[in-house]
Participant: 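There's a structure below that I have some questions on.
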Amino acid sequence: MALVNEHFLKLSDKYLFAEVAKRVNAFKVAHPQAQLIDLGSSDVFQSLCPAVIEAMHKAVDQMALPEAYDDNGAEQGYNFLREAIVRNEYLPRGVHIEPSEIFINDGEKSDIANIQELVGLDNTIAVTDPAFPVYLDSNVMVGRACTVSGSPCSDVQYIRCTRENGFKPQLPSAPVDIIYLCNPNNPTGSLLTRDELRKWVNYALKNDALIFYDAAYEPYIQDADVPHTIYEIKGARHVAVEFRSYTRTAGLMSVRCGYTVVPMALTAAMTATKDRIGMNRLWLRRQNTKSNGTSYVSQRAAEVLYSEEGRRQVKEKIDYYMANARIMRERLLAAGHRLTGGDNVPFLWLATPEGTSSWDYFRHILYNAHVVCTPGIGFGPSGEGYVRLVAFASREDCEAAVESILRS
Ligand code: PLP
């Protein structure tokens, strides 16, 4: 008899973004004339940068010439991209990372979900709350978290990020083995400065814990005291895996590319002997078996982002989205709304009116303002009472959406 993996049954059968899409579709069926503005999806609205389009065309042409085309990219990614990442992302920040420590992926979600395969099932986990749902769900699926059904999960340490603590994660109250951090934070927009992140790295060093560090929104950082990589912090290479993405900066949503850094110095202990095992070797082994890597064309698209033209074009996009976010932020604040974000991230974390749940406010905005947002509760229990509005739309749509919300 084939037995099902019952851990899946502990997940809510409503994946946040699928549930939002379902409710939006129901609205569209009932109101076919309504013009909706989508500030829920984190898909960027602008098309690919010209430099990316050119690089991709060139890559396709290269693939037609076997002698000119190097297909040794395999599961870890092509050298040209891993070397470009070292040169452009890490060296300028005084961080020494080797290409062999970098793994190219199809966007960081897959690796964030898969990385937990490297650690034992008995590890305890801590997730910031609210958080990108993948951190917790991927642990539930393998039976490490929420081993008893229930929400919130009794065997997970939720690091509550609320208005009272300025949405800043506080160090775990009980010992924990694995910590998921996101900086700048999605969905609250809160930031960990270098000094604040240092406390987490020191905690992990002292408690022999691992940090899975999600820096998906790193390109949007504006404040000088916010680190662009966790490896700016001394000792981090012994405790942290870092995840980075190109999908929300250069419009590579459908091209799909990102990367994960697993330092050679990162180790975890064997249960019985306490011998230390290198995580890089295990991750390489895992990828060799389970990953097909990322297409050559996608990796050439990512590489060109480090050219002078690529940088300029990406900066234009980031500036555009950040200006959207600033305009929305200022207008909503001036009208008396409570919110965070919009200054170092391209989205706002907006408090719902007193006593209104996040799904109710989602519905209110959808039906009365014709604007799609994301209900905060979908990011975790502490997301109740908030919705997220992203700035990945045209200037006109962002402005119109805010005015419409204010009138609703
Ligand atoms: N991490 C965070 C915080 C995100 O918001 C997202 C996407 O929404 C991801 C990771 C996934 O990024 P990618 O498109 O690279 O898979």
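None of these values were measured; they are calculated from a predicted model. Order of listing sets the numbers, starting from 1, for every ligand and every atom in it.
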Participant: Does ligand 1 have any atom that is closer than 4.0 Å to a heavy atom of Tyr217?
Facilitator: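 Yes, Tyr217 has a heavy atom closer than 4.0 Å to ligand 1.
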
Participant: List ligand 1 atoms under 4.0 Å from Arg256, heavy atoms only on the residue side.
Facilitator: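 Counting atoms of ligand 1 from 1, those under 4.0 Å from Arg256 are 13 (P), 14 (O), 15 (O), 16 (O).
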
Participant: Tyr231 and His96: aromatic ring centres closer than 6.0 Å?
Facilitator: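 No - the distance between ring centres of Tyr231 and His96 does not fall below the 6.0 Å cut-off.
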
Participant: Consider only side-chain N and O atoms of Asn324 and Arg395, and report whether a donor and an acceptor are under 3.5 Å apart.
Facilitator: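 Yes, Arg395 and Asn324 have a side-chain donor paired with an acceptor closer than 3.5 Å.
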
Participant: In this structure, is the centre-to-centre distance between the rings of Phe103 and Tyr259 below 6.0 Å?
Facilitator: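 Aromatic pair excluded; centres sit 6.0 Å or further apart.
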
Participant: Among all the protein's non-hydrogen atoms, which is closest to atom 2 (C) of ligand 1, and how far away is it?
Facilitator: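 Sorting protein heavy atoms by distance from atom 2 (C) of ligand 1 puts Asp214 OD2, 3.3 Å first.
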
Participant: Is a salt bridge present between Lys109 and Asp214, judged by a nitrogen-to-oxygen distance below 4.0 Å?
Facilitator: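 Answer for the salt bridge query: no.
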
Participant: Any idea which atoms of ligand 1 are less than 4.0 Å away from a heavy-atom of Thr247?
Facilitator: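 Numbered from 1, ligand 1 contributes 13 (P), 14 (O), 15 (O).
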
Participant: Is the shortest side-chain N to carboxylate O distance from Glu308 to Arg311 below 4.0 Å?
Facilitator: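 The answer is no: the pair does not qualify as a salt bridge.
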
Participant: Check this for me: does any side-chain nitrogen of one of Lys290 and Glu75 sit under 4.0 Å from a carboxylate oxygen of the other?
Facilitator: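 Salt bridge absent between Lys290 and Glu75.
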
Participant: Tell me whether Ser110 has any N or O atom under 3.5 angstrom from an N or O of ligand 1.
Facilitator: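 No; the residue has no nitrogen or oxygen that sits under 3.5 Å from a nitrogen or oxygen of the ligand.
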
Participant: Tell me, which protein residue and heavy-atom name are nearest atom 16 (O) of ligand 1, and how many Å apart are they?
Facilitator: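 Going by distance alone, atom 16 (O) of ligand 1 is nearest to Lys109 N, 2.9 Å.
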
Participant: Are any of the N/O atoms in Arg388 less than 3.5 Å from those in ligand 1?
Facilitator: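 No; the residue has no nitrogen or oxygen that sits under 3.5 Å from a nitrogen or oxygen of the ligand.
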
Participant: With a 4.0 Å cut-off on heavy atoms, does Cys182 reach ligand 1?
Facilitator: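 The answer is yes: ligand 1 sits under 4.0 Å from a heavy atom of Cys182.
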
Participant: Tell me the protein heavy atom at minimum distance from atom 6 (C) of ligand 1, and give that distance in Å.
Facilitator: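 Checked against all protein heavy atoms, atom 6 (C) of ligand 1 sits closest to Phe132 CZ, 3.4 Å.
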
Participant: Could you identify the single nearest non-hydrogen protein atom to atom 5 (O) of ligand 1 and state the distance to 0.1 Å?
Facilitator: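 For this ligand atom, the closest protein heavy atom is Asn186 ND2, 2.6 Å.
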
Participant: Which atoms of ligand 1 are found less than 4.0 Å from any heavy atom of Ala216?
Facilitator: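 So the answer, numbered in order with elements, is 1 (N), 2 (C), 10 (C).
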
Participant: Answer yes or no: are there more than 12 heavy-atom neighbours, outside Glu196 itself, under 6.0 Å from its atom CD?
Facilitator: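 Enclosed.
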
Participant: Has Arg338 got its NZ or CZ under 6.0 Å from the middle of the six-membered ring of Trp349, at an angle within 45 degrees of the ring axis?
Facilitator: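 Judged by the rule, Arg338 and Trp349 form no cation-pi pair.
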
